[in-house]
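Order of the sequence lines sets the chain letters (A, B, ...), proteins ahead of strands, with each chain counted from 1.
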Amino acid sequence: MSALLEVKNLKTYFVSKKRVVPAVDGVDITIRKGETVGLVGESGCGKSMTSLSIIGLVPSPGGKIVDGQILLDGVNLVDLSENNMCKVRGRDIAMIFQEPMTSLNPVLTVGEQIIEVIMYHLQLNRSDATQKAINLLKMVGFPRADKIIKEYPHRLSGGMRQRVMIAMAMSCNPKLLIADEPTTALDVTIQAQVLELMKELSRKFETSILLVTHDLGVVSELAERVIVMYAGQVVEEALVDDIFDKPYHPYTEGLIDSVPLIEGAITRLNSIPGNVPSPEEMPKGCRFAPRCRVAFDRCYSEEPTLQSISTSRFVRCFLYEEGEVNGCSRL
Amino acid sequence: MQQTVTKMEKCEAKSQVNILEVRNLKKYFPIKSGILQKTTGHIKAVDGINLEVKRGETLGIVGESGCGKSTMGRTLIRLYEPTEGEIIFNGNDITHLSESQLRKLMRKQMQMIFQDPFASLNPRKTLGKILHEPLKTHQLYADNYERSERVAELLETVGLNRSFTNRYPHEFSGGQRQRIGIARALALQPELIIADEAVSALDVSIQAQIINLMEDLQEEFNLTYIFISHDLSVVRHIASRVGVMYLGNLVELANKEDIYIEPLHPYTKALLSAVPMIRKKDLSKRERIVLRGDLPSPSNPPSGCVFHTRCPAKMDICREVIPTFKDCGSSHFVACHLYE
């Protein structure tokens, strides 16, 4: 399978008069056609900013992609003009946001909002677009779709709004769907509905999904590959089975051990001490070193690079310098 | 029924006195409409809850948003006036006490930790002032010097630096703020702490720190927790008994292991199966029950069993008769017609 999206050495910085804040600092991501990739990390690690960079919605002024390439089917999105980017956005790349209430327009009916997207990108007339909108809403599980298109967002529940967002995102059969914390605002039973729906859609339309989330459970249900970010950088990348079975990077390990399991059995949670460093005061050397359980002298002076362990596995840590896989033992 | 259980347990262990007893607790909020603001209906946020909290235990309360778990927490501590029912704390009926009596009798012993560490701390007060206030209100300690000592001690207890007293809340991260919230709750040396989604707003690594802290404090000060959360994994970790709420009602209440390993109520089963799991290997073992539809409106709850509109095991009787909340053996309470 060929790569659909290739992000190479992406750097998104926030520049003000006083200082430069590197929110995303050299990130590489590859997503193949039909593949679901999870991008995980804690708040402030740059995962949302990475996804906003890909879809070209970096908050401006202030934020700017200063370096790197974002190749979608070989076209570099960074070089596109705003006009051309508008044509890509929504048609080739669509996005679902965390809070479905704030991302829908409260004064337009949900039908109006979906129809607008379809008419703009697919050049359909109004009645065809309306018909398509109804079909889309049926597809995401509204039995009375012809009534729903006349409803305003505030009349719908959180799960229904998120399904409207998914319908809107899927309206032009995008090649890539970016889902930024799609289920974080939802209850577990509703979350289960939305996750099932996303799984089904990606299978049916071969849509690639970049799933941005802090919830490792959601990632392990939906994603095939996982990329772990910390402080603006990728620290580990692996297949989903491998990473939960045997995490390599001490941060990934800490992250997994911090999660209480629904199966129980752990008596005490292994927490990671301290907080994520803010981008303006990055520690010298390895960015995780001050919180790391196994940090040694070298970690405080030198910055590790992303090492390839196998074809599908990368880790940024000195413990694996020569491709050794023995350094970090699980507690 | 409730009484027979109490009797049984009294025989079993006399030392396990109930710190809190709740009988048929209801909290309705009026819906007002029109220019005259006439009451046209009620939101039945909490609709007849019976439960007992034993000293030293952690009772987890789980449920989806809108099920009334937070309203229940706030009614228990009398931040909301209960519409009906009784709250008995340490043997005293506190349901109808006035504000000043409350302050005398129970405020010191019952404290709360709130969800949002950003909204629950006054941004214009320093940390020292925030922690001084409860001590002053309750006229504890002789003078300001002693109080300051206590504040510094509290900060150390929750793992913060004692020199932080002159800082403002915005200078702290989410996890640190939640520690401040915990310090404030501990200031009066309470017996019971109600934690309403205390770790939900935090990142997992920070969440683990706070959970560990709460467990340590429980051991050190012999605290009783009512831990309200929508996160079933967190509750499984911290609680000893768990109650499951749905639409203002408690549908199941049992020891943690019984709830998580052998859930009885169809809602509990669906809720547990919906939780995304981290280990992929276990995934094949369980079947996911996906509930159709949304939570019905609490202003007009369904007739009979409130869960019948979404229940996969619905029978005819469920539509008409409200199931009783009863013991199915070994203190496993469930409200479902399947177990009548």
Side-chain angles (χ1 to χ4, degrees), chain A residues 40-45 141 143 156-160 183 185-193 195-197 213-223 239-245 251 254-276 278 291, chain B residues 62-67 159 172-176 199-213 215-216 230-238 246 256-257 260-261 267 270-283 285-286 288-295 297 310:
Chain A
V40 299
E42 295 178 279
S43 22
C45 72
L156 307 177
S157 68
M160 286 159 96
T183 57
L186 306 177
D187 281 313
V188 275
T189 60
I190 309 298
Q191 168 171 291
Q193 291 174 2
L195 290 180
E196 291 286 314
L197 174 67
T213 181
H214 71 278
D215 189 330
L216 297 171
V218 171
V219 168
S220 92
E221 298 244 323
L222 209 60
L239 295 176
V240 79
D241 285 325
D242 298 341
I243 206 162
F244 292 122
D245 215 34
Y251 175 65
L255 211 54
I256 293 173
D257 285 343
S258 303
V259 182
L261 297 179
I262 192 81
E263 306 97 309
I266 298 176
T267 45
R268 190 163 174 90
L269 297 174
N270 286 304
S271 60
I272 307 173
N275 292 302
V276 180
S278 72
R291 301 176 75 193
Chain B
V62 295
E64 296 178 275
S65 40
C67 73
F172 296 96
S173 68
Q176 286 174 317
V199 297
S200 310
L202 308 173
D203 274 318
V204 276
S205 71
I206 311 296
Q207 181 174 304
Q209 292 173 7
I210 299 295
I211 292 172
N212 287 342
L213 172 69
E215 285 178 334
D216 292 344
H230 71 279
D231 190 329
L232 290 128
S233 315
V234 169
V235 169
R236 165 142 207 186
H237 182 81
I238 199 168
Y246 184 79
K256 170 169 72 175
E257 298 308 320
Y260 284 90
I261 294 165
Y267 177 64
L271 202 60
L272 287 172
S273 80
V275 178
M277 285 212 292
I278 220 172
R279 306 280 192 273
K280 211 152 194 188
K281 280 167 195 151
D282 304 56
L283 213 63
K285 279 188 222 153
R286 62 177 196 158
R288 168 170 285 176
I289 308 162
V290 177
L291 290 179
R292 300 285 153 215
D294 289 312
L295 205 67
S297 158
R310 297 171 79 194

Handout entry: Main-chain N/O of T189(A) paired to D187(A) side chain as donor or acceptor, under 3.5 Å
Key = no

Problem - Portion of V290(B) that has a non-hydrogen atom of chain A nearer than 4.5 angstrom - result: side chain

Practice task
Name the member of G175(B), G63(B), S205(B), G66(B) that forms the most heavy-atom pairs with chain A at distances under 4.5 Å.
Solution key: S205(B)

Practice task
State, yes or no, whether a side-chain contact exists between H230(B) and S65(B) at a heavy-atom distance under 4.5 Å.
Solution key: no

Exercise for the section: Using modelled atom types only, decide if a donor and an acceptor are shared between the side chain of Y246(B) and the backbone of Y267(B) within a distance under 3.5 Å. Expected result: no

Handout entry: chain B contact via E196(A) - side chain, backbone, both or neither, heavy atoms under 4.5 Å
Key = side chain

Handout entry: Backbone of I289(B) reached by a side-chain donor or acceptor of S273(B) within 3.5 Å
Key = yes

Problem - Among A192(A), G159(A), G254(A), P273(A), residue most engaged with chain B (heavy-atom pairs, under 4.5 Å) - result: A192(A)

Exercise for the section: For residues S233(B) and V275(B), determine if any side-chain heavy atom of one lies less than 4.5 Å from a side-chain heavy atom of the other. Expected result: yes

Problem - Test item: S258(A) and I272(A) side chains (from C-beta on) under 4.5 Å apart, heavy atoms - result: yes

Exercise for the section: Check whether E42(A) gets within reach of chain B through its side chain, its backbone, both or neither, counting any heavy atom under 4.5 Å. Expected result: both

Practice task
Select one option (side chain, backbone, both, neither) describing which atoms of I211(B) are under 4.5 Å from chain A's heavy atoms.
Solution key: side chain

Handout entry: Which atoms of Q209(B) approach chain A - backbone, side chain, both or neither, heavy atom under 4.5 Å
Key = both

